[in-house]
Amino acid sequence: MALSALGSLGTATSYGQEASIKVAVEGIFPPFNYRDSNNVLQGFDIDIANAICTAAQLKCELVVQDWDGMIPNLLAVKYDTIISSMSMSAERKERVRFTARYYDSPSVFVVQKASPLKRMQADELLGKKLGVTFSTAQASFANDRYSNIERVVYPSSPDLYKALEAEEVDVILEDKLAIYDWLTNTKAGSCCEFRGDDVKDPKYFGEGAGIAVRPDDAALLQRLDQALAKIQDDGTYDGINAKYFPFSIR
């Protein structure tokens with residue numbers, strides 16, 4: 001069923017047929033979750049959430065939530081789950097429980113096409129500005145691995161991309177799939193390109209993106225995991241994947 005404006009489930013331990021839950025998304029992370037010209041939420045995460053809710057026989061309401069409040073407000077029972085490209089980092093696993101991975105993406109450095117930067121090692125970036133998005137795995141990685149480099153933090157991914165286009169920063173570190181759409185499908189993104197090796201580190205980026213629930217919500221976790229497996233087995237997932245990417249992100 002499509003996501004609709006319905007009330008939240010009152011408990012975290014009992015999920016009957018057609019139970020209602022609230023699903024948090026950020027809404028400013030294309031092509032995964034964003035608002036279209038009619039202010040309607042769209043994107044890979046939105047389609048996956050719709051499909052999972054249908055497979056799980058859950059009635060779901062989308063709740064738009066700023067990224068830095070995602071986990072705190074889940075724990076405060078303002079919604080029941082997060083389906084918003086959240087990487088399953090070790091730090092997050094200490095606070096919430098995750099389903100199986102529903103997609104995987106490395107992080108990547110992106111520069112202006114004319115940039116002389118090549119290797120993206122810390123010694124090469126001395127004297128340069130490295131842009132990241134606030135409260136992300138990329139920001140944590142940069143704080144630890146590039147602590148001697150000037151880091152500029154932006155409130156959202158669109159702000160980060162604008163800063164690179166305007167040359168406010170020399171390089172940015174971002175999720176590869178998230179920035180792929182901007183680089184390939186926008187005029188602004190034609191300024192820039194991937195540079196250096198993909199960045200993968202389970203300590204910071206976890207084992208891909210998962211769906212988060214509260215630690216004590218085993219019933220919902222099981223139901224979401226079963227629904228995820230179902231849409232992966234019956235071809236629904238692959239159809240959604242093909243809508244947004246010309247390659248598999250499973």
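Side chains are part of it too, since the values below use all heavy atoms of this structure and drop only hydrogens, waters and symmetry mates.
- Atom CD1 of Ile179 and atom CG of Leu177 lie 11.5 Å apart (nearest 0.5 Å).
- Two residues are said to be in side-chain contact when any heavy atoms from C-beta on lie closer than 4.5 Å; Val171 and Leu125 meet this criterion.
- Within the 4.5 Å cutoff, the side chain of Phe194 has heavy atoms near those of the Leu183 side chain.
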- Stepwise side chain to side chain contact (heavy atoms under 4.5 Å, CB included) test for Leu224 and Leu58: CA-CA 10 Å; Leu224 294 175; Leu58 292 167; 4.2 Å; yes

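- Of all non-hydrogen atoms in Arg223 and Gln57, the two that sit nearest each other are NH2-O, 3.0 Å.
- Taking the ring-ring contact (aromatic ring centres under 6.0 Å, His included) definition, one finds that Tyr102 meets it with nothing, sequence neighbours left out.
- Between Arg214 and Thr81, the closest side-chain pair of non-hydrogen atoms is not below 4.5 Å.
- Ring-centre distance between Phe109 and Tyr146: below the 6.0 Å cut-off.
- Listed for the Asp80 side chain is a donor-acceptor partner under 3.5 Å among the backbone atoms of Lys22.
- Asp233 meets the salt bridge (charged side-chain N to carboxylate O under 4.0 Å, His left out) test with no other residue; sequence neighbours excluded.
- Taking 4.5 Å as the limit, every side-chain heavy atom of Thr54 sits out of range of all side-chain heavy atoms of Ile231.
- Grouping the Ile, Leu, Val, Met, Phe, Trp and Tyr side chains by contacts below 4.5 angstrom, directly or via other members, places Ile83 with Tyr103.
- Atom NZ of Lys113 has more than 12 neighbouring heavy atoms from other residues, nucleotides or ligands inside a 6.0 Å radius.
- In plain terms, the two heavy atoms of Asp170 and Val111 that are nearest each other are O-CG1, 3.7 Å.
- Here side-chain hydrogen bond (donor to acceptor under 3.5 Å, both in side chains) pairs that include residues 240-250, with residues two or more places apart or in two chains, are Asp47-Lys243, Asp47-Tyr244, Asp238-Arg250.
- For the 3.5 Å distance criterion, the side chains of Ser107 and Gln138 qualify, holding a donor opposite an acceptor.
- In this structure, the separation between CG on Leu160 and CZ on Phe134 is 14.0 Å, given to the nearest 0.5 Å.
- For Phe32 and Phe245, the ring centers sit closer than 6.0 Å to each other.
- Side-chain atoms of Ser87 do not come within 3.5 Å of backbone N or O of Ser89 as any donor-acceptor pair.
- A salt bridge between Asp197 and Arg119 is absent, with no side-chain N of the basic residue lying under 4.0 Å from a carboxylate O of the acidic one.
- Side chain of Tyr79 to main chain of Met70: a donor-acceptor pair is present (N/O by atom type, distance under 3.5 Å, no hydrogens or angles).
- Side chains of Pro215 and Glu94 form no contact here, defined as non-hydrogen atoms less than 4.5 Å apart.
- A salt bridge does not link Asp217 to Arg97: none of the charged nitrogens lies less than 4.0 Å from a carboxylate oxygen.
- Criterion: ILVMFWY side-chain heavy atoms under 4.5 Å apart, direct or through other members. Under it, Ile240 and Phe247 are part of a common hydrophobic cluster.
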- Query: Going through the distances and angles, do Ile48 and Tyr237 end up as a side chain to side chain contact (heavy atoms under 4.5 Å, CB included)?
  - Reply: CA-CA 7 Å; Ile48 289 292; Tyr237 181 99; 3.6 Å; yes

- Show your reasoning for whether side chain to side chain contact (heavy atoms under 4.5 Å, CB included) applies to Lys162 and Tyr154. CA-CA 10 Å; Lys162 288 177 184 177; Tyr154 293 89; over 6 Å; no

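- Under the 4.5 Å side-chain contact rule for hydrophobic residues, Leu126 and Leu117 share a cluster.
- Side chains of Ile172 and Leu130 form no contact here, defined as non-hydrogen atoms less than 4.5 Å apart.
- The shortest non-hydrogen separation linking Ala137 to Arg92 is N-NH2, 4.1 Å.
- Looking at Glu61 and Ser20, their side chains never bring a donor and an acceptor atom within 3.5 Å of each other.
- When hydrophobic side chains of Ile, Leu, Val, Met, Phe, Trp and Tyr are connected at separations under 4.5 Å, Val40 ends up as a singleton with no cluster partners.
- Counting heavy atoms from C-beta on, the side chains of Phe98 and Met86 come closer than 4.5 Å.
- Between atom CG of residue Asn33 and atom CG of residue Leu62 there is a gap of 9.5 Å, rounded to the nearest 0.5 Å.
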- Item | Candidate pair Phe44 and Ile46, rule side chain to side chain contact (heavy atoms under 4.5 Å, CB included), full reasoning | CA-CA 5 Å; Phe44 178 84; Ile46 308 305; over 6 Å; no

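- Put simply, CD on Gln42 and CG on Asp45 are 12.5 Å apart, with the number rounded to the nearest 0.5 Å.
- The two residues Thr184 and Tyr180 make their nearest non-hydrogen contact at OG1-O, 2.8 Å.
- Taken from CD in Gln112 to SG in Cys192, the straight-line distance is 4.0 Å, to the nearest 0.5 Å.
- Residues Met120 and Leu164 do not share a hydrophobic cluster, clusters being chains of Ile/Leu/Val/Met/Phe/Trp/Tyr side chains in contact below 4.5 Å.
- Formation of a donor-acceptor pair under 3.5 Å by the Asp36 side chain with backbone atoms of Asn38 is found in this model.
- Between the Glu124 side chain and the Lys118 main chain, a donor and an acceptor come within less than 3.5 Å of each other.
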- Can you check side-chain hydrogen bond (donor to acceptor under 3.5 Å, both in side chains) on Ser105 and Asp175, steps first, answer last? CA-CA 7 Å; Ser105 175; Asp175 180 276; 3.2 Å; yes

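- Residues satisfying the ring-ring contact (aromatic ring centres under 6.0 Å, His included) criterion with Phe141, sequence neighbours excluded, are Tyr204, Phe205.
- Closest approach of Thr133 and Val153 over heavy atoms only: C-CG1, 4.2 Å.
- Within the 4.5 Å cutoff, side-chain heavy atoms of Asp201 are placed close to those of Arg145.
- Counting all heavy atoms, side chain and backbone alike, Met88 lies closest to Thr99 at SD-O, 3.6 Å.
- By the criterion of side-chain heavy atoms lying less than 4.5 angstrom apart, applied directly or through intervening Ile, Leu, Val, Met, Phe, Trp or Tyr residues, Ile149 is not grouped with Val110; the two fall into different hydrophobic clusters.
- Taking the charged nitrogens against the carboxylate oxygens, Glu193 and Arg195 do have a contact shorter than 4.0 Å, which makes a salt bridge.
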- Query: Please walk me through it: do Asp159 and Ser156 pass side-chain hydrogen bond (donor to acceptor under 3.5 Å, both in side chains)?
  - Reply: CA-CA 5 Å; Asp159 293 319; Ser156 70; 2.8 Å; yes

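- Under the ring-ring contact (aromatic ring centres under 6.0 Å, His included) criterion, Trp67 pairs with no residue, sequence neighbours left out.
- Formation of a donor-acceptor pair under 3.5 Å by the Asn73 side chain with backbone atoms of Ala76 is not found in this model.
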